[in-house]
Amino acid sequence: MRWATFGSTRAALARGETTCEAVTTTFLRAIARKRHLNIYTYVDAEGALRTAREQDRQLATGEAPPLAGLVLAVKDVLCIRNWPVTCASRMLDGFNAVYDATAVARLRRQGAILIGRTNCDEFAMGSSNENSCYGPVLNPRNEIYAPGGSSGGSAAAVAAGLCHAALGTDTGGSIRQPAALCGVVGLKPTYGRVSRYGLVAFASSFDCIGPLTNSVEDAALILAAMAGVDERDATSAPVPVAPEPVGLTDAARCAGAALRVGVPKEFFGEGLDSTIRCSIEAILHRLRAAGAVVKDVAMPHTRYGIATYYILATAEASSNLGRYDGLRYGYRPAPDGRKRIDLHALYAQARSEGFGKEVKRRIMLGTYVLSSGYYDAYYAKAQRVRALIREDFDKAFQEVDALVTPVTPVPGIKLGSMINSPLKMYLSDIYTVTANLAGVPGLVIPIGAHASGLPIGLQLLGRPFDETHLFRLGELMMQLAKD
Ligand code: GLN
C-alpha cells in the first residue's frame with residue numbers, strides 16, 4: 001500500500017495525487033486478496049465507496065471533514081447502525097445494531113470511511129483471537145502464528161494493509177498485545193477518555209476503546225476525534241484532549257532532554273523472552289544518550305496483577321453477560337417440538353449452545369467469586385489489591401513521567417499452542433493487565449523484529465489523561481529504534 005498511514009494519505013489528497021475513492025478501492029482489493037487471513041467478519045464495500053465519493057466531492061469544494069479519507073475498520077464488539085454486531089459469538093447471530101457507538105459516531109462525523117468489522121476473541125475474552133466463532137485470524141507477519149487478542153483482527157488488518165486504522169478494545173491488554181505481536185501502534189487510552197456507549201460490555205470498570213494504526217500520529221488524531229465526555233456514559237471524563245499533534249516529530253526530538261522515564265524491574269523478571277529484553281534495553285540506552293533520565297522504579301504489587309484482574313474482570317463479565325437469555329438478542333435455540341416451553345430450560349439451552357467454551361469458563365469463574373461465602377475472600381479482596389496496584393502507579397509517577405515495559409513475555413503465540421492451556425494464556429497478560437486495573441493509558445510501538453519475522457513491541461505507560469506525553473515519547477522511541 002502506497003499510503004499506509006492516514007497522515008501520508010491526507011497529504012497526498014491535499015496535493016491532488018489520489019482520491020478517497022482510489023484509496024478505498026485499494027484497500028477493498030487488498031481485503032479480497034488476503035481473505036485467507038480471516039481478518040474481516042463483515043465488509044461494507046458499497047457503503048465505504050459511497051462515503052469516499054461523497055468526500056471527494058467535498059474535498060473539491062473545500063467542505064470535507066478533517067479526517068476525510070481515513071479508512072477505518074472496527075472490532076466486532078462496537079455497534080454500527082444497521083450492521084451486524086456479533087462479538088465473534090454464536091450468541092449474537094443475526095443481531096443488527098440499531099445505533100452507532102459514540103466513538104464510531106464521532107469518527108464518522110469527522111470523515112472516517114467505515115470499511116468493515118474485524119474478527120476478535122468471543123466477547124473480547126482471550127489473548128490469541130482463537131476463541132472466535134469465525135475461527136482464528138492468521139498473523140500477517142508470519143502466518144503460522146496468532147495475531148494476539150482479543151483485538152487480533154484489528155491489529156492484523158492494520159499490519160496487512162487492509163485499512164489505515166482499526167478500532168480495538170482493551171480490557172486487560174487486547175489492543176496493546178496484538179499491536180505488539182503484529183508490529184503496529186496501539187493505544188489504550190485512560191479509562192474514561194472515550195465513551196463506552198455502544199460498546200458491548202465485557203468488564204465495565206476496565207473496558208477502553210482505542211486505535212490501532214501504522215503511526216503514532218494517526219493514533220493521536222483518532223483519539224482526539226473520539227475522546228471526550230458523553231452524557232450516555234457516566235464514566236466518560238470531561239478532560240480536554242490536545243487537538244492535533246502538530247510537529248509531533250520535532251517536539252519529540254527536543255523533548256529528549258526533559259524526559260524522566262521509569263523502568264519497573266518487576267516487568268523484566270523471569271520468563272521474559274531474551275530478545276525482547278535486549279531490544280528494550282538497547283532503546284533505553286539510546287534514550288539515555290539523547291538526554292533522558294532513565295531510572296529504576298518499584299511496582300511491588302505487579303505480581304498480583306493476573307489474579308486480581310481475572311477475579312474482577314470475570315466477576316463483571318458474569319454480570320454483564322447475564323443479559324443474553326436467548327430471547328432478546330441474537331441466538332435462539334430451535335424449539336424441540338414440545339408445546340409448552342420451559343423458560344429456564346430455554347435460557348440454559350441458549351446459553352449452553354450460544355456461548356463458546358472460554359466465555360462459559362469466565363461466567364462460571366465470575367459467578368463463583370461473587371457468590372455468597374466466597375465474595376469476601378475473592379471479589380472484595382481483589383478490589384483492595386486493585387487499590388494497591390493503583391498506588392504503585394501513583395508513586396512511580398511522582399518520580400517519573402512514563403514507564404517503559406515489555407508488552408508480552410512471549411515472542412509470539414503459535415496457532416494452537418496455548419488454546420488448551422487457559423492458565424498459560426492468562427499468565428501471558430502479566431504486563432498489560434495492571435494498566436487496566438489502575439486505569440492509566442498505555443501506548444505500544446513496534447521497535448524491531450525477531451529472526452522469525454515476528455515483531456517486537458514496547459509499552460509506554462503514562463499518567464491518567466496524559467496520552468500526549470506518550471505520543472511524544474512513542475514517536476521519539478520509534479525513531480531511536482530505527483537509528
Ligand atoms: N487477554 C485478556 C483477557 O482475556 C484481555 C482481554 C481484553 O483486553 N479484552 O481477558
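Quick caveat: nothing in here was measured; it's all calculated off a predicted structure. All ligand and atom numbering here is 1-based and tracks the order in the structure.
The closest protein non-hydrogen atom to atom 2 (C) of ligand 1 is D429 OD2, 3.1 Å. S174 OG, 2.4 Å is the protein heavy atom nearest to atom 7 (C) of ligand 1. For atom 3 (C) of ligand 1, the closest non-hydrogen atom of the protein is Y310 OH, 3.2 Å.
Atom CZ in R106 sits 10.0 Å away from atom CE in M226 (nearest 0.5 Å). Taking CG from D100 and CG from N82, the interatomic distance works out to 9.0 Å, rounded to the nearest 0.5 Å.
A parallel orientation is assigned to the rings of Y99 and Y197, their planes being inclined by less than 30° (bins at 30° and 60°). Aromatic ring pairs are classed by plane angle as parallel below 30°, tilted from 30° to 60° and perpendicular above 60°; the pair Y426 and Y310 is parallel.
By the 4.5 Å heavy-atom criterion applied to side chains, L312 and L437 are counted as neighbours.
Of all atoms in ligand 1, numbered sequentially from 1 with element shown, those under 4.0 Å from a heavy atom of A124 are 6 (C), 7 (C), 9 (N). Those atoms of ligand 1 that come under 4.0 Å of a heavy atom in D170, given as number and element, are 8 (O). Heavy-atom proximity to G172, at under 4.0 Å, picks out these atoms of ligand 1: 5 (C), 7 (C), 8 (O). If you number the atoms of ligand 1 from 1 as listed, the ones under 4.0 Å from a heavy atom of S127 come out as 1 (N). Atoms of ligand 1 found under 4.0 Å from any heavy atom of S150, numbered from 1 in the order shown, are 9 (N). Listed by number with element, the atoms of ligand 1 under 4.0 Å from a non-hydrogen atom of F202 are 9 (N), 10 (O).
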>> side-chain hydrogen bond (donor to acceptor under 3.5 Å, both in side chains) for D76 and T41? Distances and angles first, verdict last.
In response: CA-CA 8 Å; D76 201 348; T41 60; 3.0 Å; yes
> Could you walk me through whether D392 and K395 pass the salt bridge (Lys or Arg N to Asp or Glu O under 4.0 Å) check?
Replying inline: CA-CA 5 Å; D392 276 1; K395 282 190 193 140; 5.6 Å; no
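The shortest separation from a heavy atom of R362 to ligand 1 is under 4.0 Å, placing the residue in contact.
For R81, the CZ atom is loosely surrounded, since the number of other residues' heavy atoms within 6.0 Å does not exceed 12.
Judged by the 6.0 Å and 45° rule, R362 forms no cation-pi pair with Y309.
Annotation: G126 places an N or O atom under 3.5 Å from an N or O atom of ligand 1; distance criterion only. The shortest N/O to N/O separation between G173 and ligand 1 falls below 3.5 Å. Where the criterion is an N or O separation shorter than 3.5 Å, residue side chain and backbone included, Y309 meets it with respect to ligand 1. For a threshold of 3.5 Å applied to N or O pairs, the pair formed by G149 and ligand 1 contains no separation below that value.
Residue contacts with ligand 1, taken as heavy atom pairs separated by less than 4.0 Å, do not involve Y426 at all.
Contact between G354 and S89 at its shortest, heavy atoms only, is O-OG, 3.5 Å.
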